[in-house]
Amino acid sequence: MNQHFDAIIVGGGMVGSALAAALGQGGYSVALVESGSEPGAIEDDAFDLRVSSLNLAAQRLLESVGAWAHIPAERRCIFRHIHAWDIHGHGETHFDAEALGLDDFGSFVENRVIRRALWRCLASLPGVEPICRTRPLALITGSERVLVELDNGRMLSGSLVVGADGARSEIRELAGIDVDALDYGQRALIINVVTQRPQQDVSWQRFTPEGPQAMLPLPGPHASLVWYGEPKATRDREALSDEALRQAIEREFPARLGGLKEVTGRASFPIRRQHARHYTAPRLALVGDAAHVIHPLAGQGLNLGLQDVTALADLLTAAHTPQHGDLGAPGPLRRYAWQRRPQTLAMIAATEVFHRVFTGNAMLRSAGAAGLAVAERLGPAKQFMMRRALGLQ
Ligand SMILES: Cc1cc2nc3c(=O)[nH]c(=O)nc-3n(C[C@H](O)[C@H](O)[C@H](O)COP(=O)(O)OP(=O)(O)OC[C@H]3O[C@@H](n4cnc5c(N)ncnc54)[C@H](O)[C@@H]3O)c2cc1C
């Protein structure tokens, strides 16, 4: 007889493990299937290249499942100011936490630190069984349960299966859900640096016709720079020596970055957008990058994924008790899709506007700069935009 779970979550990244923690805490039985390994302890002091801004809603979710306490203060960087401007200096906008009555806007944390913190929570939840180094081969959906056949020979039975297996989701494919995708023809070069300036609590972004240049602060005098550009130019920069790259950044980045002591790491990623045509199917839901991948210029991809987790967990736990519930029943899944798809579409549209306007022709760019200048003067609109980005709207 196959073991039965209330939910089978495929993908133990930040989003899948957050959902496993939320459902596990609610008393539900959960299988968490991960093709990689369980995250190990972080023993080195160096900062990893993959870093995310966690907004206040994301932070609340991590607090509620107990993961926030496992993120050491020395590995997160609080930011209180956000500045954005265009390269020609025609438009500029500033957001300050204090003006919104907030202590801060959130924190920058390495992805591996967030994931490790979540998995530490899972270890104390008896209802959650992590199953690592295996992936699904087949999905068989019946009227009362769904079967997931794994490539380690195990067959799992669940009331609900959740695809949290990232942009190339196999669960999405097995369920036959198509995506709308667009390649922006850009790459993002992520560069970890040590700055001559001390610890900063501002995140800034300058728009150039080639793409944005951004500074995300990390603890101490560390920072993660993101340099968007045309793929060939980005690959060429990526291939520079540490010293040549340091000099190129000092030459090309805004003067406010100040001098750099050293470049400590770099990697580049293609920039794509992708949106699943459906977030649900019978006894199935998609969350995180399996459902949507957005341009990272707004730093909202993970935040959206964690909002999916909050919405899905709230809807499921409100509708079913652990002992007497069918997590795969259609009502809450339908409501999940109704809630989340429009939110994601709004975020896609916003990032799309920024991308198109600032990499478009001179007329569009000057309209974009004027837009930033207008946003700066429209207090309530600015507050509305910011509350949305913080996940508070
Ligand atoms: C350059 C860049 C910068 C970004 N910056 C930010 C930011 O500042 N803020 C922000 O909010 N977002 C940011 N994002 C987006 C963010 O990184 C992603 O949205 C987030 O990592 C998605 O998490 P996920 O758990 O959904 O997917 P993933 O992180 O892709 O995790 C998927 C998990 O599933 C596992 N898996 C895959 N396939 C299978 C399978 N078949 N079976 C079992 N397991 C499987 C993988 O091993 C992995 O553990 C950025 C993205 C990029 C590219």
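For this chain, numbers begin at 1 and follow the sequence in order. Every number for a ligand or one of its atoms is a count from 1 in the order of the listing.
- Residue G299 has at least one nitrogen or oxygen atom sitting less than 3.5 Å from a nitrogen or oxygen atom of ligand 1, judged on distance alone.
- When heavy-atom distances to ligand 1 are checked against a 4.0 Å cut-off, S53 comes that close through both its backbone and its side chain.
- For the 3.5 Å distance criterion, the side chains of D180 and H275 fail to qualify, holding no donor opposite an acceptor.
- Using a 4.0 Å threshold on non-hydrogen atoms, atom 14 (N) of ligand 1 does not count as touching the protein.
- Contacts with ligand 1 closer than 4.0 Å are made by side-chain heavy atoms of I190 only, the backbone lying farther away.
- Contacts between M14 and ligand 1 below 4.0 angstrom, taking non-hydrogen atoms only, involve backbone and side chain alike.
- Close contacts between ligand 1 and G13 involve ligand atoms 25 (O), 31 (O), 33 (C), 49 (O) [criterion: under 4.0 Å to a heavy atom].
- Distance remark: protein heavy atom present below 4.0 angstrom from atom 34 (O) of ligand 1.
- The residue among V51, L32, V33, L302 with a heavy atom at the shortest distance from atom 5 (N) of ligand 1 is V51.
- Counting heavy atoms under 4.0 Å from ligand 1, residue R168 does not touch it at all.
- At a threshold of 4.0 Å, the pair R80-D201 counts as salt-bridged, since one of the basic side-chain nitrogens sits closer than that to a carboxylate oxygen.
- If you number the atoms of ligand 1 from 1 as listed, the ones under 4.0 Å from a heavy atom of V10 come out as 42 (N), 43 (C).
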Indicate every side-chain donor-acceptor pair of residues 218-230 with a distance under 3.5 Å to a residue at least two apart or in another chain.
{"from": "Y228", "atom 1": "OH", "to": "L297", "atom 2": "N", "distance (Å)": "3.4"}
{"from": "E230", "atom 1": "OE1", "to": "A233", "atom 2": "N", "distance (Å)": "3.3"}
{"from": "E230", "atom 1": "OE2", "to": "K232", "atom 2": "N", "distance (Å)": "3.2"}

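- In this structure, P136 counts as a contact residue of ligand 1, since one of its heavy atoms falls inside 4.0 Å of the ligand.
- One finds no salt bridge joining E110 and R50 here, because no Lys/Arg side-chain nitrogen approaches an Asp/Glu carboxylate oxygen to under 4.0 Å.
- The heavy atom nearest to atom 43 (C) of ligand 1, considering only A290, S203, S35, is found in S35.
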